[in-house]
Amino acid sequence: MIDGNEIKLNTTQQRVFNYIMDFGSITTLEACVDLGETRLSARIFELKSKGVNISSDWIEVQNRYKEKRHVKRYYIG
């Protein structure tokens, strides 16, 4: 597995990488609220292009109207 210190990452890429390492995964809402990152899919694309093995799963969440929605959860591995 690639360590975040073994590859050159810019600040936003490093924050996303560290978040996934610290919490195990990340969703777009978590990225926005916790990191101020509104373009998580772009950061994930960049990390993948640098060799980080990132996988994703679709998870089901409820919106404020109690409707089911599906979002991606990204994790390393």
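Computed from heavy atoms alone, side chains included, the values below leave out hydrogens, waters and symmetry copies. As the structure is a prediction and not an experimental result, all values here were calculated from the model.
Expressed to the nearest 0.5 Å, how far OG of Ser56 lies from CD1 of Ile26 amounts to 13.0 Å. Distance check, rounded to the nearest 0.5 Å: CG of Asn10 to NZ of Lys50 gives 6.5 Å. If you take OG1 on Thr27 and CG on Asp57, they are separated by 12.5 Å, rounding to the nearest 0.5 Å.
Taking the side-chain hydrogen bond (donor to acceptor under 3.5 Å, both in side chains) definition, one finds that Gln62 meets it with nothing, sequence neighbours left out. Looking at residues two or more places apart in sequence or on another chain, you find no side-chain hydrogen bond (donor to acceptor under 3.5 Å, both in side chains) involving Asp22. Contacts of Arg73 classified as salt bridge (charged side-chain N to carboxylate O under 4.0 Å, His left out), with partners at least two apart in sequence or in another chain: Glu30. For Arg64, there are no salt bridge (charged side-chain N to carboxylate O under 4.0 Å, His left out) partners, not counting sequence neighbours.
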What side-chain donor-acceptor pairs closer than 3.5 Å can you find for residues 35-44, not counting sequence neighbours?
from: Glu37; atom 1: OE2; to: Arg39; atom 2: N; distance (Å): 2.9
from: Glu37; atom 1: OE2; to: Arg43; atom 2: NH1; distance (Å): 2.9
from: Arg43; atom 1: NE; to: Glu46; atom 2: OE1; distance (Å): 2.9
from: Arg43; atom 1: NH2; to: Glu46; atom 2: OE2; distance (Å): 3.0

key: Evaluation steps, side chain to side chain contact (heavy atoms under 4.5 Å, CB included), between Phe23 and Asp34   = CA-CA 12 Å; Phe23 297 99; Asp34 296 342; 5.9 Å; no

request  = Report the C-alpha distance between Val16 and Leu9 in whole Å, list the side-chain angles of each, state the deciding distance to 0.1 Å, and finish with yes or no for side chain to side chain contact (heavy atoms under 4.5 Å, CB included).
outcome  = CA-CA 10 Å; Val16 170; Leu9 302 176; over 6 Å; no

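Listed by first then second residue, pairs satisfying ring pair (Phe, Tyr, Trp, His ring centres under 6.0 Å) with a partner in residues 37-77 number zero, not counting sequence neighbours.
Think of Val71 as one node in a network of Ile, Leu, Val, Met, Phe, Trp and Tyr side chains linked at under 4.5 Å; its network also takes in Ile59, Val61. Chaining together hydrophobic side chains whose heavy atoms lie under 4.5 Å apart places Val33 alongside Leu29.
Side chains of Arg15 and Gln13 form no contact here, defined as non-hydrogen atoms less than 4.5 Å apart.
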